[in-house]
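What follows is a set of notes on a single structure, which appears directly below.
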Amino acid sequence: MARIAIFASGNGSNFEVLAQHFEGSSDSDIVLMVCDRQKARVRERARRFNIPELLVNYVKEDPVTVEERILGALQASAIDVIFLAGYMRIFNGGFLKKLTIPMINIHPSLLPKYKGINSIARAFEAGDKEIGITIHHVVEEIDSGTVILQKSVKLEQKKGLEYVENEVHKLEHIWYPRVARQICDEINANIKKEK
Ligand code: GRF
């Protein structure tokens, strides 16, 4: 059984499609949602799916203490893989070195273009002809890990930024669950081999 943790800070639409995808799955389970914002909408979504939450606070505690708390929770829940879904924090190298499981992120640009925040708006303003998403491994340098999958769509400038944002989110919602499923299948195959 692949045990999944999702980290999110905001709306949580990617969390929601992942939760829907794995709901009732017999071999993979989302067992933890880590959030760093008290008012994030994703928290209500996690409650709806009965997924336990770890709420952390980078204001009241220093990042290293928060990261230790997260590592403890990952261990306690025997997590096999982490999917970041709009988690707006950067992990320090020490945390990533201690992490012995894969951490995957989804980014709304065709990396290496537009690393960091406001990627869709930057692509739109630059007048790019296409726009897309990248699902990649997380390394210390932001949005720079090995690419697992990229998908693109025509950027229709005339339709406006909101339309373009929606197109990108549509791609995310189609492809993140598929990639997550594939990764969990690989984890389950390895678990079987080890038995
Ligand atoms: C997505 O665009 C994702 O690519 C980025 O953060 C956004 C999160 O959106 N990393 P949501 O909270 O899943 O709706």
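Whatever order the structure lists ligands and atoms in, that order sets their numbers, starting from 1.
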- Item | Test: E130 and K154 ion pair at under 4.0 Å | no

- Query: Can Y114 and D143 be counted as having a side-chain donor-acceptor contact under 3.5 angstrom?
  - Reply: no

- Task: Using distance alone, with no hydrogens and no angle criterion, decide if S13 and H173 have a side-chain donor and acceptor under 3.5 Å apart.
- Result: yes

- Would you say the ring centroid of Y87 lies under 6.0 angstrom from that of F83? no

- Of I106, T134, I104, which is the lone residue that meets side chain to side chain contact (heavy atoms under 4.5 Å, CB included) with I148? I104

- Query: Who pairs with V153 by side chain to side chain contact (heavy atoms under 4.5 Å, CB included), at least two apart in sequence or on another chain?
  - Reply: I131, E167, L171

- Message: Give the residues near ligand 1 by chain and number, with the criterion being a heavy-atom distance under 4.0 Å.
- Response: N11, G12, S13, N14, G86, I106, H107, P108, H169, E172

